[in-house]
K.L.:
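Following this message is one structure expressed as structure tokens.
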There are 2 protein chains.
Amino acid sequence: MTKTVPNAAPGTEVLNVSDHTLRGLLGYNIKRAFNVMQSDLNRALKPHDLRMITFTALVLIVDNPGLRQSQLADALAIERPNLVVIIDELEARELITRDRVPTDRRAYSLQVTLAGRQVYNAALRDVQAHEACLLSGLGAADRARVIAAMQVIEQVRDRRATT
Amino acid sequence: MTKTVPNAAPGTEVLNVSDHTLRGLLGYNIKRAFNVMQSDLNRALKPHDLRMITFTALVLIVDNPGLRQSQLADALAIERPNLVVIIDELEARELITRDRVPTDRRAYSLQVTLAGRQVYNAALRDVQAHEACLLSGLGAADRARVIAAMQVIEQVRDRRATT
DNA sequence: TATTGTTATACTCTATAACTATA
DNA sequence: TATAGTTATAGAGTATAACAATA
């Protein structure tokens, strides 16, 4: 039941990472998988001058034209103040527009520009290709199952609050 | 093929998070699942005055008596300088000991203390219970599959470097 | 010359309080 | 009074360079 690290780098001692402790915990495995995922994703986004968070914001604006910043912050699961610099960056690059909402002059309406849509198309294609590569070790059914499982985990908190 | 966010908080507008863009990407789903996982995990560890990183370090020291700091930093996938304060913290609480290695007086040998083993036992029990709760929406087979899939993703980089 | 642990430092990400302008 | 966006700021987490002691 106890296994050793399989891919020790040259010069690295092989450590005991036990199946009945760390390797059996989703928390440990998901953290490591997420680290790999995120650094590879950022490498795929680098040619487009995007990070994971700016890319996700751009996609949400494309999919939800006229979105407000507070809604976007909720969707990104970040605080409103931290969204400001992200929006500033996308607007400065003229990938999105930020216009006052006529009916509520406190709020901004976010829209993608033509240039923004082009960056979106190119970046999404690269990200999808990158994910296909990262998931090449899994069959199509397993990939769908993993994504579904992530969504189940994400929504446990909501289910708890509701029940 | 397009879905809306199912658990919109009261007062929050329902956004379009499309299956063929964000919801279809593992990167987006794994980030959100990891956020939920990590904050719940830290809540489970709080009574033991541990964070995810200090807990993981403690488990690795228990499973690998006599471990050196550089090995532990590698295993935790963090840089050596950042491990120092973590080890300082565990040593100050007398959960581990840090002794000079006789054969290499540059290095330290890390060992768990009796108190450290008690904290380890209690924290591991709580973390496992917490994970069981978080994964209650998945069957046993799915849980094993998800953990296996995380390990596949984690090792893609190594496979690439080797091939 | 190389390595172990350390210090100092900087950069990113995240979280909170308080401000402004609107409602 | 409450809300949308903003500013300032503080705390984590993480990365690099450079140092002392040792190999």
Side-chain angles (χ1 to χ4, degrees), chain A residues 9-13 27 31-32 34-36 38-39 41-43 45-46 49-57 61 66-92 96-110, chain B residues 9-13 31-32 34-39 41-43 45-46 49-57 61 66-92 96-110:
Chain A
T12 304
E13 308 299 322
K31 181 183 173 65
R32 297 178 77 90
F34 174 64
N35 283 347
V36 170
Q38 164 136 296
S39 77
L41 195 50
N42 280 330
R43 197 180 323 139
L45 288 170
K46 190 139 198 177
D49 268 306
L50 292 170
R51 289 161 296 147
M52 193 164 175
I53 189 75
T54 51
F55 169 71
T56 308
I61 293 168
L67 194 66
R68 297 180 185 195
Q69 286 184 206
S70 53
Q71 295 175 301
L72 182 53
D74 276 357
L76 291 170
I78 64 174
E79 298 301 314
R80 265 67 105 213
N82 297 326
L83 180 63
V84 175
V85 289
I86 293 165
I87 294 298
D88 284 348
E89 185 181 326
L90 291 175
E91 193 192 23
I96 64 166
T97 56
R98 175 154 55 169
D99 300 311
R100 287 282 183 201
V101 175
T103 58
D104 184 348
R105 289 185 39 75
R106 294 171 302 181
Y108 285 112
S109 165
L110 303 176
Chain B
T12 305
E13 309 299 321
K31 180 183 172 65
R32 298 178 76 88
F34 175 63
N35 283 348
V36 170
M37 177 104 243
Q38 165 137 292
S39 75
L41 195 50
N42 279 329
R43 198 180 323 140
L45 287 170
K46 189 137 200 180
D49 267 307
L50 292 170
R51 288 162 296 149
M52 193 165 176
I53 190 75
T54 51
F55 169 71
T56 308
I61 293 168
L67 193 68
R68 297 181 184 193
Q69 286 184 206
S70 53
Q71 294 175 302
L72 181 54
D74 277 355
L76 291 170
I78 64 174
E79 298 301 315
R80 264 67 103 211
N82 298 325
L83 180 62
V84 176
V85 288
I86 293 166
I87 293 299
D88 283 348
E89 184 181 327
L90 292 174
E91 192 193 22
I96 63 166
T97 57
R98 176 154 53 170
D99 300 311
R100 287 282 183 202
V101 176
T103 57
D104 184 347
R105 290 185 38 75
R106 295 172 301 182
Y108 285 112
S109 165
L110 304 175

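Throughout, a chain's letter reflects where its sequence line sits, starting with A, and its residues are numbered from 1.
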K.L.:
Nearest whole Å is fine: how far is D/dA15 P from B/D74 CG?
P.N.:
13 Å

K.L.:
Who are the salt bridge (Lys or Arg N to Asp or Glu O under 4.0 Å) partners of B/R51, not counting sequence neighbours?
P.N.:
B/E89

K.L.:
Counting C-beta onward and ignoring hydrogens, is there a side-chain heavy-atom pair between A/L50 and A/L41 closer than 4.5 Å?
P.N.:
no

K.L.:
Is there side-chain contact between A/I87 and A/L72, with heavy atoms separated by less than 4.5 Å?
P.N.:
yes

K.L.:
Taking the nucleotide of DNA chain C with the closest heavy atom to each, which residue, A/V101 or A/I78, is nearer the 5' end?
P.N.:
A/I78

K.L.:
Is it the case that B/R100 places NZ or CZ above or below the six-membered ring of B/Y108, under 6.0 angstrom from the centre and within 45 degrees of the axis?
P.N.:
yes

K.L.:
Expressed in angstrom and rounded to an integer, what is the separation of A/F34 atom CZ from D/dT14 atom P?
P.N.:
11 Å

K.L.:
According to salt bridge (Lys or Arg N to Asp or Glu O under 4.0 Å), who are the partners of A/E91, at least two apart in sequence or on a separate chain?
P.N.:
A/R98

K.L.:
Nearest-Å distance, CG (A/L72) to P (D/dT6)?
P.N.:
12 Å

K.L.:
Could you tell me which non-hydrogen atom of B/Q69 sits nearest to which non-hydrogen atom of B/L110, and how far apart they are?
P.N.:
CG-CD1, 4.1 Å

K.L.:
What pairs with A/F55 under ring-ring contact (aromatic ring centres under 6.0 Å, His included), at least two apart in sequence or on another chain?
P.N.:
none

K.L.:
Which whole-number value in Å describes the distance from A/N35 CG to C/dC13 P?
P.N.:
14 Å

K.L.:
Can you sort out the partners of A/R80 under side chain to side chain donor-acceptor pair (under 3.5 Å), two or more places apart, ordered by chain and number?
P.N.:
none

K.L.:
Considering residues at least two apart in sequence or located in another chain, which fulfil the side-chain contact (heavy atoms from CB on, under 4.5 Å) criterion with A/A75?
P.N.:
A/L60, B/L15

K.L.:
B/R106: which residues meet the salt bridge (Lys or Arg N to Asp or Glu O under 4.0 Å) condition with it, sequence neighbours left out?
P.N.:
B/D104

K.L.:
For the helix from C/dT1-D/dA23 to C/dA23-D/dT1, what is the angle between the axes at its two ends, each from 5 pairs, rounded to 10°?
P.N.:
10°

K.L.:
Expressed as a whole number of angstroms, how long is the span from B/R105:CZ to D/dA23:C1'?
P.N.:
12 Å

K.L.:
Quickly work out the A/E89 CD to C/dC13 C1' distance and round it to whole Å.
P.N.:
14 Å

K.L.:
Quick one: which protein N/O atoms are closer than 3.5 Å to N/O atoms of nucleotides 4-9 of chain C? Pair and distance per line, please.
P.N.:
from: C/dG5; atom 1: OP1; to: B/Q69; atom 2: N; distance (Å): 3.2
from: C/dG5; atom 1: OP1; to: B/Y108; atom 2: N; distance (Å): 3.1
from: C/dG5; atom 1: OP2; to: B/S70; atom 2: N; distance (Å): 2.7
from: C/dG5; atom 1: OP2; to: B/S70; atom 2: OG; distance (Å): 3.3
from: C/dT6; atom 1: OP1; to: B/R98; atom 2: NH1; distance (Å): 3.1
from: C/dT6; atom 1: OP2; to: B/Q69; atom 2: OE1; distance (Å): 3.4
from: C/dT6; atom 1: OP2; to: B/Q69; atom 2: NE2; distance (Å): 2.8
from: C/dT6; atom 1: OP2; to: B/R98; atom 2: NH1; distance (Å): 3.3

K.L.:
Using side chain to side chain donor-acceptor pair (under 3.5 Å) as the criterion, list what pairs up with B/R32, not counting sequence neighbours.
P.N.:
A/E154, B/Y28

K.L.:
Whole angstroms only, please: what is the CD-C1' distance between B/Q38 and C/dA15?
P.N.:
15 Å

K.L.:
Check the interface with nucleotides 11-13 of chain D: list each N/O to N/O pair with the protein under 3.5 Å, or write none.
P.N.:
from: D/dG13; atom 1: OP2; to: B/R51; atom 2: NH1; distance (Å): 2.5

